[in-house]
Amino acid sequence: LEVIQGVDVCLGVLEAPAGIVQEDLKLFSEVVTAGKPFCLAVNKWDLMKRPADPKPVASAIARRAPFLGYAPVVLTSAKTGLGTLKLLDQVAQVLSQANRKMTRKEADEMLERIRRDPRAPAGIRNAHLFRLIQVGSAPPTFHLLGRVKQGFRASDLAYLQGFLHRELKLVGTPVRVHLLAGAGKR
């Protein structure tokens, strides 16, 4: 757990024949809690009698561990070398995206897209949101300033995190959003 805190990016390794086991779930949830950029290698793929398509594997992992939905999955074989270069490229991409910084103009444009999103939950549609500020990276962390008529629910913040994750096209890094808001009318 101390190592997780001190690294820039985490790489989880699963054995393809075994799949994701309980110990993996515990360790990977610590990575997510720490907000670390994360890649997942499914090793020993050479022992599987399936084509090398990571999409069904990623879907199966997401069903068992939905909190890993942001992590890219790379099929590998240490024995044959399958996927090792792709894995290194993916780790580099994840680290780069985790350190991405938005300009003030980009943040203002992003806030406008949040305001106009018809799928936004009622708590967000009914709030007066006036500033989105990126305050950190690795993971990208934002403060959202505004006035709310009623408190934001956890699902409202989850929507904002998902929205930013999609709009910024982030892979392998979580997004954190902190609401800094007053109550009532302005």
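Note that the numbering runs from 1 along the sequence shown for the chain.
Rounding to the nearest 0.5 Å gives a distance of 11.0 Å between NE2 of His143 and CD of Gln134. Here CG of Leu132 is found 9.5 Å from CZ of Arg115. Values are rounded to the nearest 0.5 Å. Taken from CG in Asn43 to CH2 in Trp45, the straight-line distance is 11.5 Å, to the nearest 0.5 Å.
When all heavy atoms of Arg64 and Ile20 are compared, the closest pair comes out as CG-CG2, 3.2 Å. Closest approach of Ala107 to Met102, counting heavy atoms only: CA-CE, 3.4 Å. The two residues Asp53 and Pro56 have their closest heavy-atom pair at O-CD, 3.3 Å. Nearest heavy atoms, Ala34 versus Ile4: CB-CG2, 3.8 Å. In terms of heavy-atom proximity, Phe38 sits nearest to Val9 at N-CG2, 4.2 Å. Here the closest non-hydrogen pair linking Val74 and Gly83 is CG1-O, 3.7 Å.
Between Val94 and Pro72, some side-chain heavy-atom pair lies under the 4.5 Å cut-off. Counting heavy atoms from C-beta on, the side chains of Arg153 and Asp156 come closer than 4.5 Å. When side chains are defined from C-beta on, Pro140 does not count as touching Leu164, because their heavy atoms never get closer than 4.5 Å. Contact annotation: the side chain of Ile124 approaches that of Leu129 to within less than 4.5 Å [non-hydrogen atoms, C-beta and beyond]. Looking at Pro139 and Thr141, their side chains come closer than 4.5 Å, going by heavy atoms from C-beta outward. Residues Leu145 and Ile133 are in side-chain contact: their nearest non-hydrogen atoms beyond the backbone lie under 4.5 Å apart.
When atom types are taken as modelled, the side chain of Arg147 and the backbone of His128 share no donor-acceptor pair closer than 3.5 angstrom. Between the side chain of Ser96 and the backbone N or O of Ala92 there is no donor-acceptor pair closer than 3.5 Å. Using a distance-only test at 3.5 Å, with no hydrogens or angles considered, no donor-acceptor pair links the side chain of Ser59 to the main chain of Val57.
At a threshold of 4.5 Å between side-chain heavy atoms, the hydrophobic network of Ile, Leu, Val, Met, Phe, Trp and Tyr places Leu144 and Leu168 in one connected group. In terms of hydrophobic clustering, with Ile, Leu, Val, Met, Phe, Trp and Tyr side chains grouped at heavy-atom distances under 4.5 Å, Leu11 and Val31 are assigned to different clusters. By the criterion of side-chain heavy atoms lying less than 4.5 angstrom apart, applied directly or through intervening Ile, Leu, Val, Met, Phe, Trp or Tyr residues, Leu25 is not grouped with Val21; the two fall into different hydrophobic clusters. Linking Ile, Leu, Val, Met, Phe, Trp and Tyr residues whenever their side-chain heavy atoms come within less than 4.5 Å leaves Leu170 and Val32 in two separate clusters. Hydrophobic cluster membership differs between Leu87 and Tyr70, with clusters built from Ile, Leu, Val, Met, Phe, Trp and Tyr side chains linked at under 4.5 angstrom.
Under the salt bridge (Lys or Arg N to Asp or Glu O under 4.0 Å) criterion, Asp8 pairs with no residue at all, not counting sequence neighbours. By the side chain to side chain donor-acceptor pair (under 3.5 Å) test, Ser137 pairs with no residue at all, sequence neighbours left out. Not a single side chain to side chain donor-acceptor pair (under 3.5 Å) links Asp24 to another residue, sequence neighbours left out. Taking Arg119 as the reference, Asp117 meet the salt bridge (Lys or Arg N to Asp or Glu O under 4.0 Å) condition, with sequence neighbours excluded.
Side-chain contact, Gln90 with Gln93: a donor N or O sits under 3.5 Å from an acceptor N or O.
Sorted by first and then second residue, the pairs that involve residues 166-181 and meet side chain to side chain donor-acceptor pair (under 3.5 Å), not counting sequence neighbours, are Arg113-Glu167. Every pair passing salt bridge (Lys or Arg N to Asp or Glu O under 4.0 Å) that includes a residue from residues 26-49 is listed here, sequence neighbours excluded: Glu15-Lys44.
Aromatic rings from Phe163 and His165 are positioned such that their centres are separated by 6.0 Å or more.
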Would Ile61 and Leu14 count as a side-chain contact (heavy atoms from CB on, under 4.5 Å) here? Give the steps. CA-CA 10 Å; Ile61 291 168; Leu14 301 175; 3.9 Å; yes

Determine whether Leu179 and Leu160 satisfy the following criterion, side-chain contact (heavy atoms from CB on, under 4.5 Å), listing intermediate values before the conclusion. CA-CA 10 Å; Leu179 176 66; Leu160 288 169; over 6 Å; no

Intermediate values then yes/no, side-chain contact (heavy atoms from CB on, under 4.5 Å), Phe28 and Leu40: CA-CA 10 Å; Phe28 297 162; Leu40 193 56; 3.7 Å; yes

Run the side-chain contact (heavy atoms from CB on, under 4.5 Å) test on Phe142 and Val135 for me, step by step, so that the C-alpha distance in whole Å, both residues' side-chain angles and the decisive distance to 0.1 Å come before the verdict. CA-CA 5 Å; Phe142 299 89; Val135 295; 6.0 Å; no

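More than 12 heavy atoms of other residues, nucleotides or ligands sit less than 6.0 Å from atom CG of Leu47.
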